[in-house]
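Working notes for the structure below.
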Protein chains: 2
Amino acid sequence: MDKIDSKLLKLLQQDASRTNAELAAEVGLSPSSCLRRIRRLHQTGVIDRIVAVLNPAKAGRTMKAIITVELERHGEQYVRRFLDMAAKEPAVVQAYSVSGETDALLMLRLKDMDELDALTERLFREESNVARYYTAFVIRTGKETTEIPI
Amino acid sequence: MDKIDSKLLKLLQQDASRTNAELAAEVGLSPSSCLRRIRRLHQTGVIDRIVAVLNPAKAGRTMKAIITVELERHGEQYVRRFLDMAAKEPAVVQAYSVSGETDALLMLRLKDMDELDALTERLFREESNVARYYTAFVIRTGKETTEIPI
DNA sequence: CGGCCTCATGCAATTTTATTGCACAAACTC
DNA sequence: GAGTTTGTGCAATAAAATTGCATGAGGCCG
């Protein structure tokens with residue numbers, strides 16, 4: 001993980017569709033050497049995967065919402081069970097257990113209010129372990145990146 | 001955006017490193033036709049970009065935190081100014097203005113506590129417009145995907 | 001200091017993959 | 001139902017990734 005690897009990771013996080021030759025030129029290496037580095041970053045798991053990032057609006061998912069959840073029973077196994085249940089929902093893109101007043105936080109990608117209604121119905125019905133939940137809607141997105149600073 | 005496009009988007013969101021021929025076989029098209037569809041999805045902006053997703057732990061960013069922010073003055077221009085400032089921070093991976101009690105929510109990728117300390121110092125110093133902020137740490141990640149259901 | 005080992009590199013050949021031109025077929029319009 | 005648009009598959013071509021091999025740099029130990 002020297003300076004060249006870091007630069008490669010930075011470039012690949014921004015745009016992984018560039019050709020190996022371009023990347024090689026950018027970091028000042030030959031294509032073969034550059035390719036071997038990238039492959040190593042894959043094999044060692046630093047690069048987890050290559051994915052297409054969609055434009056949510058054009059993919060029909062304009063609405064974003066954040067739900068914070070407080071459980072009745074806060075034990076680890078209960079939190080885990082709730083997270084597992086939430087993770088199964090395709091509209092849930094992030095699900096965390098967190099420190100502090102609330103136990104869990106969900107980030108949602110929604111098509112419309114009906115979808116939210118149906119989802120909360122499924123996750124927060126009476127027999128569930130949820131004491132309270134609070135839904136906030138995203139009004140404006142100032143930043144949204146998959147890029148991790150290296 | 002027919003059924004084949006949807007399937008392509010699903011596959012590309014999961015793994016964009018597969019060859020065009022593989023994808024073509026998967027959706028039941030010829031390579032050329034498949035390629036033209038993918039190109040169109042790019043041009044129309046449905047596919048925003050292709051990126052490498054890193055393993056945070058192996059990239060040296062183990063810590064995740066969520067900060068909710070309440071501003072002194074809640075006007076749109078103040079919220080916007082705060083979001084712009086937060087967006088400049090590399091450790092901030094998501095920055096939203098939200099409805100409800102709090103004005104903004106930040107998602108952070110951190111190396112250690114010192115980094116958090118330095119960041120809060122920069123964002124929440126006295127002359128800023130921040131009335132209150134609350135930091136929660138992510139204990140467990142139940143789900144974290146870039147995939148939008150189509 | 002020098003030999004030895006390991007590892008990354010560049011070059012060039014090879015293989016694989018993406019891309020394009022073209023003719024045909026489906027769907028849609030009027 | 002003729003004409004137009006749009007999508008498709010095939011085959012040729014262009015571009016890109018991948019590999020073998022020889023070289024050179026750096027580290028380690030005697």
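All heavy atoms count here, side chains included; hydrogens, waters and symmetry mates do not. Each chain gets a letter, A, B and so on, in the order the sequences are listed, and its residues count up from 1. Being a predicted model, the structure only gives us computed values, none of them experimental.
Remark: the backbone N or O of A:T44 is paired with a side-chain donor or acceptor of B:K58 at under 3.5 angstrom. A donor-acceptor pair is defined here as one N or O able to donate and one able to accept, closer than 3.5 Å; such a pair exists between the side chain of B:N20 and the backbone of B:P31. Looking only at distances, no side-chain donor or acceptor of B:D103 sits under 3.5 Å from a matching main-chain atom of B:H74.
To the nearest angstrom, P of D:dA25 lies 17 Å from CG of A:D2. Summarising the geometry, the separation between CE on A:M1 and P on C:dC7 is reported as 19 Å, rounded to the nearest angstrom. Whole-Å rounding puts the B:L23 CG to C:dT16 P distance at 18 Å. Atom-to-atom, CD1 of A:I4 to C1' of D:dA25 comes out at 13 Å; the value is rounded to the nearest Å. Rounded to whole angstrom, the span from the CG atom of B:D5 across to the P atom of D:dT6 amounts to 15 Å. When rounded to the nearest whole Å, the span between CZ of B:R40 and P of C:dT19 equals 16 Å. Nucleotide C:dA18 holds its C1' atom 14 Å from the CD atom of B:E22, rounded to whole Å. Across the protein-nucleic acid pair, B:R37 atom CZ and D:dT6 atom C1' stand 11 Å apart, rounded to whole Å.
Residue pairs meeting the salt bridge (charged side-chain N to carboxylate O under 4.0 Å, His left out) criterion with at least one member in residues 20-39 of chain B, sequence neighbours excluded, are B:D2-B:R37, B:D5-B:R37, B:R18-B:E22, B:R18-B:E26.
B:S33 has no side-chain polar atom (N or O) that falls below the 4.0 Å cut-off from OP1 or OP2 of D:dG7. Distances shorter than 4.0 Å separate none of the side-chain N or O atoms of A:R39 from OP1 or OP2 on D:dA17.
Between atom CG of residue B:L105 and atom CD of residue B:Q94 there is a gap of 8.5 Å, rounded to the nearest 0.5 Å.
Proximity of A:R125 to A:V130: side-chain heavy atoms (C-beta onward) are nowhere separated by under 4.5 Å.
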Which is it for A:Y96 and B:E144 under the side-chain hydrogen bond (donor to acceptor under 3.5 Å, both in side chains) test, yes or no, and what are the steps along the way? CA-CA 8 Å; A:Y96 305 112; B:E144 196 165 62; 2.4 Å; yes

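From one end of the helix from C:dC1-D:dG30 to C:dC30-D:dG1 to the other, with five pairs defining each end axis, the axis direction shifts by 40° (rounded to 10°).
At a threshold of 4.0 angstrom between heavy atoms, the contacts of B:R36 include nucleobase atoms, whether or not backbone atoms are also involved.
Between the side chain of B:S32 and the base of D:dG9, at least one donor-acceptor pair of N or O atoms lies under 3.5 Å.
Residue B:L35 has its side chain nearest to C:dA18 when only C:dG10, D:dG7, C:dA18 are considered. Looking at the side chain of B:T19, the nearest of the listed nucleotides D:dA17, C:dT17, D:dT8 is C:dT17.
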